[in-house]
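Inspection log for the structure reproduced underneath, given as structure tokens.
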There are 2 protein chains.
Amino acid sequence: MHPRTRSYHHGDLRAALLTRAEETLREKGPAALSLRELARDLGVSHAAPSRHFKDKQALLDALAQSGFERMAAVLGASQDGVPEKISEQVEAVVRAYVGFARDNAALLDLMYSVKHDPEASDALLEATQRWSDLVLRLVADAQARGEVREGPLEHTALPVFATLHGYADLAVSGMLPPEMDEHGLDVVIAFILRGIRP
Amino acid sequence: MHPRTRSYHHGDLRAALLTRAEETLREKGPAALSLRELARDLGVSHAAPSRHFKDKQALLDALAQSGFERMAAVLGASQDGVPEKISEQVEAVVRAYVGFARDNAALLDLMYSVKHDPEASDALLEATQRWSDLVLRLVADAQARGEVREGPLEHTALPVFATLHGYADLAVSGMLPPEMDEHGLDVVIAFILRGIRP
DNA sequence: ACCTGAACACCGTTCAAGT
DNA sequence: ACCTGAACACCGTTCAAGT
């Protein structure tokens, strides 16, 4: 009857599941995420997803992984055309990170949730590595230019990392007096710069 | 038959549910938390919990609230007997916060999750306020002693907040090169002190 | 007041069977 | 290869009824 009886998803059910899952996550929260409903939305049987994700957790892990990858891309792009000056670079990264966090609050929650089972997620680990490397490299370069205090990279970059992430997380979970949601960004950037300057 | 047929929980089913829920959260993670299993564990019918929590979410909110309250207590206690010197005070708070985060990883996740529905959780909001007030007061006092740079409290305390929370969250979700899990603490404390000194 | 039992509409996961 | 249908053992929530 319907012209799309034979695979609406062009054999790309896996990708379709991920896309739809992220929409649901964004619109209705993580609790509303069900494999059966996803399957219903995509017009396949409830057992079909299991061909592509052995588990609900596997779907969530894949979602988290794609989140880290896109975040790395956003952070990377934030440095385009920014002069090699640590203050401007830090400002750009912080704004990009907080922006990503705001636009993908529920996804970020999932990305940093304590869940993802130890094994099976080497890909996830690699994805997280990629964006932390980005910050590390940024700090390392500035250090080479003498704009950042000396010391092992883990010592100089770690607190930047922590402050960046902490501010975004607090802002996203509504823990901040809302009157400074925007102003707070400048304050945090200035704080980071004070903390890393030579 | 059994001597405990009449209310094993001495009419304190609500408290018993919270206690057991937190055990399950700690031992088996949030996904394993089910009202029905909780009821089974406590020897009541599966419908009994609804007398005390209108919702599963209500149970989770109550759990989060008790988390914030205990965290405020731990942070408060961390200042006992600490000399009025901002460096020592910050060190004590940071260690206390990270310690609490480590000991209650899953609970912290829940506390900061994007979930808790806007209404119904005034109590929750109040509980979060209490611990942020603690940090605010600490910074304000040090500021009065001239140990912290001038400026509105939200500007001086906010980044402390962010760094503190960010480090704990990263450490707990295993995002840090584990070799500096302990050493990182010192680095972060030093960074915070650099950021707030006059 | 507090709890039970049954009922309803959902889940995730597995597995034979179809194409 | 990829998907279906039925089956199994679970869920959360509601509501009459019991004590």
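In this structure the side chain of A/T156 never reaches within 4.5 angstrom of the side chain of B/F191, judged on heavy atoms.
Here B/E23 does not pair with B/R26 in a salt bridge; the nearest charged N to carboxylate O distance is not below 4.0 Å.
Atom CG of B/L42 is separated from atom P of C/dC3 by 11 Å (rounded to the nearest Å). Spacing between atom CG of A/L38 and atom P of C/dC11 amounts to 11 Å, rounded to whole angstrom units. Taking atom CG on B/L59 and atom P on D/dG12, their separation rounds to 10 Å, with Å as the unit. Rounded to whole Å, the distance from CG on B/D55 to C1' on D/dC11 is 14 Å. Counting to the nearest Å, the C1' atom of D/dC11 and the NE2 atom of A/H46 are 16 Å from each other. Note: CG (A/L33) to P (C/dC10) measures 17 Å, nearest angstrom. Between the NZ atom of A/K56 and the C1' atom of D/dC10 there is a distance of 13 Å, rounded to whole Å. The CZ atom of A/R51 sits 11 Å away from the P atom of C/dC15 (whole-angstrom rounding).
For A/L35, taking side-chain heavy atoms from C-beta onward, the closest of the listed nucleotides C/dG12, D/dT4, C/dC3 is C/dG12. Comparing atom distances between the B/A47 side chain and each of C/dT14, D/dC2, D/dC15 picks out D/dC15 as nearest. When each of D/dT13, C/dC11, D/dC11 is scored by its nearest atom to the side-chain atoms of A/E37, the top-ranked nucleotide is C/dC11.
A/R40 has a side-chain polar atom (N or O) that falls below the 4.0 Å cut-off from OP1 or OP2 of C/dC11.
B/D109 contributes atom CG, which lies 7.5 Å from atom OG of B/S173 (distance to the nearest 0.5 angstrom).
For the pair A/Q79 (side chain) and A/Q89 (backbone), a donor-acceptor distance under 3.5 Å is present. B/E69 contributes no side-chain N or O that, together with a main-chain N or O of B/R130, makes up a donor-acceptor pair within less than 3.5 Å.
For the pair B/H52 and A/S34, both in contact range of DNA chain C, the more 5′-proximal nearest nucleotide belongs to B/H52.
The nucleotide C/dG12 finds its pairing partner in D/dC8, both defining distances of the Watson-Crick or G-U wobble pair being shorter than 3.5 Å. When Watson-Crick and G-U wobble pairs are counted only if both distances are under 3.5 Å, C/dC3 pairs with no nucleotide at all.
For C/dT13, its base sits under 3.5 Å from the side chain of A/R36 at one donor and acceptor pair at least.
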